[in-house]
Number of protein chains: 2
Amino acid sequence: MTNRPEPIRRRVPRNTLNRERVLGAAVDLLDHAGPDAFTMRALAQRLGVGTMAVYSHFKAKDEIIDAVRERLLAEVELPTVGSGRTPRDELRELCRAVYRLLADHPSVLHLLTVRPVHGDEGTAVVERILGLLLGAGLDRSAAARAQTALMQYTVGAALWTARGRQRSGDQEDPGTRLRTRFAALPAERYPHLVDLAPELAAAQDGLPQYEHGLDALLSGLLAGH
Amino acid sequence: MTNRPEPIRRRVPRNTLNRERVLGAAVDLLDHAGPDAFTMRALAQRLGVGTMAVYSHFKAKDEIIDAVRERLLAEVELPTVGSGRTPRDELRELCRAVYRLLADHPSVLHLLTVRPVHGDEGTAVVERILGLLLGAGLDRSAAARAQTALMQYTVGAALWTARGRQRSGDQEDPGTRLRTRFAALPAERYPHLVDLAPELAAAQDGLPQYEHGLDALLSGLLAGH
DNA sequence: ACCTGAACACCGTTCAAGT
DNA sequence: ACCTGAACACCGTTCAAGT
């Protein structure tokens with residue numbers, strides 16, 4: 001891709017490795033090859049550098065994990081304030097932005113489950129959501145619980161989708177695989193499951209399913225306000 | 001030798017190792033020591049057996065993971081049919097049973113995120129939930145989406161709680177830690193977050209928080225039926 | 001200060017061998 | 001058939017050494 005021949009994999013000259021470059025390669029590696037392939041050795045190789053060079057910029061692998069998560073969570077693009085006609089519209093937009101980030105980067109999801117959050121990642125989103133909930137008339141306690149419930153559902157839905165996509169080494173998409181699996185169950189024991197196999201398969205469609213649940217959750221949380 | 005001295009760690013006699021014993025030790029190890037300590041070598045040691053003995057009963061570690069997940073998911077105790085006064089009551093009970101299982105065995109949660117579901121685990125719960133949703137008047141598509149949303153929220157909430165408990169090597173409980181962290185944020189940028197720090201910390205209380213969100217979700221899903 | 005290669009203590013799993 | 005110990009190809013990280 002470069003203009004130079006580079007007959008031999010040239011070593012990166014000094015001082016060109018830095019935290020930013022390491023994090024970029026880490027995100028690439030995670031999104032492209034998955035968490036299992038996210039290895040210090042693979043990361044260094046991708047950077048064209050000895051394995052231990054990375055340790056000059058990060059104390060340990062866990063520190064890279066934290067930094068990657070922080071970096072990606074900070075990337076959530078907040079819809080402009082007042083973009084929705086109602087607080088509820090704006091809540092939907094915010095939650096969908098978080099879902100989209102998690103769905104686009106299954107690795108972040110994995111990082112969330114592997115290591116708890118330390119820093120103030122995602123605080124901007126939380127702040128906005130809390131403001132909208134209070135603005136909708138919820139009291140302090142209800143707003144806090146609603147915010148937590150929205151994040152819990154969002155993480156769960158994203159995880160659900162990522163898990164379905166995980167085994168896409170197979171030809172079939174997760175929906176069809178799930179449909180055939182359910183349809184093959186004994187109909188006497190699981191009549192509804194067998195009967196609703198197509199509908200259950202259709203509910204594995206990521207964003208539309210997320211929005212269905214999100215709307216229900218928002219309705220329940222904002223009921224009476 | 002008498003029947004009991006055992007001056008030297010005696011080797012388990014032949015044919016006493018079987019799949020059940022391996023799975024029991026695996027659950028113990030996972031719940032007690034966490035996923036990182038769940039090692040083939042540690043598992044064998046706990047069974048008083050050479051590392052490779054386990055491979056006589058399971059092809060690989062992944063197969064153990066699948067079997068553990070299957071075993072625990074089958075353990076979900078289904079409330080007796082018709083125990084609730086309304087379908088909604090019964091739905092709550094079922095979902096809470098799933099949440100309790102996941103919260104009690106954080107390892108299952110990890111196993112769920114690490115490997116996708118293959119067999120027909122948890123089908124009994126799904127069947128019951130679908131029946132109740134249809135009984136409540138939801139159409140086929142709405143029932144399938146509602147069932148998926150309920151499971152997504154349940155997994156997300158359980159994961160959220162488990163993640164908070166993960167670092168309990170520290171003295172403070174996750175609530176206080178989160179409160180102090182939020183309270184320490186710059187109040188100009190995050191006024192609501194700082195203000196609601198105590199309420200947000202209180203929302204990390206596991207089951208009560210789960211039930212709050214569950215009620216809202218059920219209200220939204222069953223609205224108009 | 002930044003980067004290297006060898007080495008250490010792990011890991012899952014293969015394999016030939018024992019009973 | 002069931003179990004063993006050595007060995008292989010990995011992993012994260014320490015360490016002494018190079019520039």
Side-chain angles (χ1 to χ4, degrees), chain A residues 8-30 32-69 107 110-111 113-115 166 169, chain B residues 6 8-27 29-30 32-69 107 110-111 113-115 118 166-167 169:
Chain A
I8 287 179
R9 183 67 58 101
R10 194 160 18 152
R11 189 143 293 148
V12 170
R14 276 185 165 280
N15 288 342
T16 52
L17 192 62
N18 53 46
R19 287 177 70 96
E20 265 317 297
R21 265 182 34 86
V22 171
L23 289 184
V27 173
D28 283 353
L29 189 58
L30 276 164
H32 181 269
D36 285 345
F38 177 47
T39 293
M40 293 302 278
R41 285 169 167 90
L43 181 62
Q45 194 177 18
R46 182 172 276 248
L47 288 160
V49 105
T51 306
M52 297 314 299
V54 181
Y55 285 85
S56 300
H57 300 90
F58 293 90
K59 271 209 296 272
K61 192 185 184 184
D62 279 351
E63 201 179 286
I64 304 182
I65 292 179
D66 289 342
V68 166
R69 202 184 41 208
S107 46
H110 183 256
L111 302 185
T113 69
V114 161
R115 269 176 73 74
Q166 209 165 321
Chain B
E6 276 193 352
I8 286 177
R9 180 67 60 102
R10 194 162 15 154
R11 189 143 293 148
V12 169
R14 275 186 165 276
N15 288 342
T16 52
L17 193 62
N18 53 45
R19 287 177 71 96
E20 265 318 297
R21 260 177 43 82
V22 172
L23 288 185
V27 174
L29 190 58
L30 276 163
H32 181 271
D36 286 345
F38 177 45
T39 294
M40 293 303 277
R41 284 170 167 88
L43 182 61
Q45 195 177 18
R46 180 173 279 248
L47 288 161
V49 106
T51 306
M52 297 315 298
V54 182
Y55 284 85
S56 299
H57 301 89
F58 293 91
K59 271 209 297 272
K61 191 185 184 183
D62 278 352
E63 202 179 285
I64 303 182
I65 291 178
D66 289 342
V68 166
R69 199 185 43 209
S107 46
H110 183 255
L111 301 186
T113 69
V114 160
R115 269 177 74 76
H118 294 87
Q166 208 165 322
R167 282 183 71 74

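Proteins get letters first, then strands, A, B, ... in listed order; numbering begins at 1 in each. Only a predicted model underlies this, so the values are computations on that prediction, with no experimental measurement involved.
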Rounded to the Å, how far apart are [X] [atom1] and [N] [atom2]?
X: B:Arg21; N: D:dC3; atom1: CZ; atom2: C1'; answer: 13 Å
X: A:Asp36; N: D:dG12; atom1: CG; atom2: C1'; answer: 15 Å
X: B:Gln45; N: D:dT4; atom1: CD; atom2: P; answer: 13 Å
X: B:Leu47; N: D:dC3; atom1: CG; atom2: C1'; answer: 13 Å
X: B:Leu43; N: C:dC11; atom1: CG; atom2: C1'; answer: 14 Å
X: B:Leu17; N: C:dT19; atom1: CG; atom2: C1'; answer: 16 Å

Inset, instruction - Stems involving DNA chain D: give each as a range paired with a range, ordered by first number, where a stem means at least three consecutive Watson-Crick or G-U wobble pairs under 3.5 Å. - result: C:4-8 with D:12-16, C:12-16 with D:4-8
Inset, instruction - Give one of base, sugar-phosphate or nothing for A:Phe38, where a contact means two heavy atoms less than 4.0 Å apart. - result: sugar-phosphate
Inset, instruction - Look at all strands and tell whether A:Ser56 reaches a base, only sugar-phosphate, or nothing, counting heavy atoms closer than 4.0 Å. - result: base
Inset, instruction - Identify the heavy atoms of B:Arg46 and B:Ala25 that sit nearest to each other, and give their distance. - result: CD-O, 3.8 Å
Inset, instruction - State, to 0.1 Å, how close A:Asn18 and A:Arg21 come at their nearest heavy-atom pair, and which atoms those are. - result: OD1-N, 2.7 Å
Inset, instruction - Under the salt bridge (Lys or Arg N to Asp or Glu O under 4.0 Å) rule, collect the residues that match up with A:Arg19, sequence neighbours excluded. - result: A:Glu63
[X]: which residues meet the side chain to side chain contact (heavy atoms under 4.5 Å, CB included) condition with it, sequence neighbours left out?
X: B:Tyr55; answer: B:Met40, B:Met52
X: A:Ala37; answer: A:Ala33
X: A:Ala60; answer: none

Legend entry - Heavy-atom check, side chain of A:Leu23 versus side chain of A:Phe58, under 4.5 Å: yes
Inset, instruction - Please determine which of B:Val68, B:Ile65, B:Leu43, B:Ile64 meets the side chain to side chain contact (heavy atoms under 4.5 Å, CB included) test together with B:Leu30. - result: B:Val68
What protein N or O atoms touch nucleotides 13-15 of chain D N or O atoms at under 3.5 angstrom, if any, and at what distances?
residue : atom : partner : partner atom : Å
D:dT13  : OP2  : A:Tyr55 : OH           : 2.8
D:dT13  : OP2  : A:Lys61 : N            : 3.0

Inset, instruction - Establish, with yes or no, whether the OP1 or OP2 oxygen of C:dA1 is under 4.0 angstrom from a side-chain nitrogen or oxygen of A:His57. - result: no
Legend entry - Nearest-neighbour nucleotide for the B:Val49 side chain, C:dC3, D:dC11, D:dT4 considered: D:dT4
Legend entry - Any residue meeting side-chain hydrogen bond (donor to acceptor under 3.5 Å, both in side chains) with A:Asp28, in chain and number order, not counting sequence neighbours: none
